[in-house]
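First comes the structure, then the notes that go with it.
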Amino acid sequence: MNVYDSGRMSDTMVANGYEIVDDSDTADVILLNTCHIREKAAEKIYSELGRYKALKEKNPKLKIGVAGCVAQAEGEEVIRRQPLVDLVVGPQSYHRLPVMLSKLKTQKKSVDTEFPLEDKFLHLPIPEKNKRSSPSAFLTVQEGCDKFCAFCVVPYTRGSEISRPPDQILFEAEDLVERGAVEITLLGQNVNGYSFCSSTESCDFASLIRRVVKIEKLKRLRFTTSHPIDMTESLIDCFGTEEKLMPYLHLPVQSGSDRILKAMNRRHTKNCYIDIIRRVREKRPDIAISGDFIVGFPGETSRDFEETLELCRNVNYAQAYSFKYSARPGTPAAGKEEVSEKQKVARLAKIQDLLQQQKNAFQAKMVGRTFPILIEKKGKEPGQVVGRSPYLQPVFLEGSHDLMGQIVNVKIKAFTNNSLEGSLDLAS
Ligand code: 5AD
Ligand code: SF4
């Protein structure tokens with residue numbers, strides 16, 4: 001979502017007469033978009049900011065802004081910690097950026113971490129007419145979270161769940177497709193909790209999917225991130241009925257121990273999660289399942305962790321993300337007695353090893369077969385392009401740059417830890 005937000009911020013700046021430059025050395029404004037989800041991500045910002053000191057000495061006009069969830073969570077504290085910062089803007093106030101910047105002509109600092117009543121999406125401009133979209137584009141349909149998992153800052157930094165009106169989403173989706181998008185990923189912290197209700201219409205996430213796939217020139221649709229408790233029957237059905245919906249589901253579970261799931265306030269059990277995966281696979285047997293895991297949540301015993309490994313073996317993930325628990329200020333789990341760092345490190349290594357084995361097995365099965373690959377960008381090597389398989393794996397192949405934005409048949413020849421290699425399969 002930060003990638004999407006950064007795009008909307010740059011659209012706003014361009015609409016207000018700014019120009020985007022590739023090199024921070026030549027910029028008059030630098031905006032850092034930040035993440036507060038784990039301590040490591042949040043701390044990164046301060047080391048990055050330190051590097052701008054020399055730039056500010058060279059160009060006294062330079063304004064430095066901090067956006068995103070660190071800005072939301074820490075507010076003025078960001079400026080106290082790093083006085084180089086001129087502006088702090090939370091994720092709900094990006095449409096106010098130009099006004100905030102012009103205020104800096106008469107005042108020293110500008111901070112906005114409100115959750116404004118006006119619809120920010122209505123106030124964010126659409127991109128300039130000639131701006132091309134990448135073949136695969138993001139589109140935020142829902143923001144915020146009311147789930148309050150005990151470890152998570154999102155409900156505090158992104159606020160409560162808000163769903164955008166379907167017409168606004170369809171307008172943006174059609175616009176993206178006209179600019180060259182072939183694939184769209186619908187975004188939301190709880191994307192499948194999407195629910196729009198007005199006096200004239202109501203629309204849930206499955207209905208939204210069914211409306212977006214009707215855009216003829218759109219070839220592929222994805223969504224992320226989902227919560228197990230919002231995996232409705234009609235959403236699961238979409239995997240069986242909607243051909244454009246790609247066979248990939250990122251469904252975080254966090255732990256395989258019911259005791260820990262309860263302490264995390266996840267509101268689902270291990271069996272409930274496994275049953276969802278079973279039902280999704282019934283509709284789409286080849287689907288790639290992805291997940292998120294936290295190891296070392298306060299109170300997690302070796303037995304609890306073993307249950308998480310057991311769940312991984314049961315689900316058999318195509319790929320997954322796993323993290324060491326990181327206490328976040330203001331969350332219910334912060335301050336609880338922590339699992340030792342040594343245990344966390346050992347558990348993380350163990351789960352990552354298992355998940356990598358599962359990923360390799362998933363990739364190995366693809367070797368020798370042909371898949372439709374959406375070509376998205378140039379590769380690092382000359383004459384190389386990179387695309388994505390239906391299962392979201394990066395695929396490297398030799399090919400002309402004219403293939404950009406096309407879906408082509410590629411025969412898979414080999415795999416590495418994170419990607420596939422193949423060649424154009426002209427026969428099929
Ligand atoms: N510590 C570690 N991982 C976290 N996540 C969220 N909060 C924390 C935390 N405090 C992970 C969860 C979530 C993903 C986006 O980040 O696994 O699904
Ligand atoms: Fe955070 Fe996701 Fe839980 Fe919401 S559902 S609190 S975003 S982990």
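Counting starts at 1 for both ligands and their atoms, following the listed order. Along the sequence shown, residues carry numbers from 1.
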Open item on the list: Y52: which residues meet the ring-ring contact (aromatic ring centres under 6.0 Å, His included) condition with it, sequence neighbours left out?
Closed with: none

- [ ] With 2.8 Å as the limit, jot down which protein N, O or S atoms are around atom 3 (Fe) of ligand 2.
- [x] C149 SG

- [ ] May I ask you to decide if the ring planes of F223 and F239 are parallel, tilted or perpendicular, using 30° and 60° as cut-offs?
- [x] tilted

TODO: Identify, chain by chain and in numerical order, each protein residue with a heavy atom under 4.0 Å from an atom of ligand 1.
DONE: I37, R38, F151, Q254, D292, I294, F323, K324, Y325, S326, R328

Open item on the list: According to ring-ring contact (aromatic ring centres under 6.0 Å, His included), who are the partners of Y273, at least two apart in sequence or on a separate chain?
Closed with: none

- [ ] Identify the heavy atoms of D304 and G299 that sit nearest to each other, and give their distance.
- [x] OD2-O, 3.6 Å

Open item on the list: Looking only at the side chains, is there a donor atom on one of Q142 and S163 sitting less than 3.5 Å from an acceptor on the other?
Closed with: no

- [ ] Would you kindly check if the NZ (Lys) or CZ (Arg) of R328 is within the cone defined by 45 degrees around the ring axis of F151 and under 6.0 Å from the six-membered ring centre?
- [x] no

TODO: Look at the rings of H95 and H123 and say which category their plane angle falls in: under 30° parallel, 30 to 60° tilted, over 60° perpendicular.
DONE: tilted

Open item on the list: On a heavy-atom basis, which atom in F293 and which in V253 lie closest, and how many Å separate them?
Closed with: CE2-CG1, 3.4 Å

Open item on the list: As a test of the contact definition, would atom 2 (Fe) of ligand 2 count as having a protein heavy-atom neighbour under 4.0 Å?
Closed with: no

- [ ] Mark yes or no: R38 above the aromatic ring of F323, with NZ or CZ under 6.0 Å from the six-membered ring centre and no more than 45 degrees from the axis.
- [x] yes

Open item on the list: Ignoring hydrogens and geometry beyond distance, is a side-chain donor-acceptor pair present between K270 and N314 at under 3.5 Å?
Closed with: no

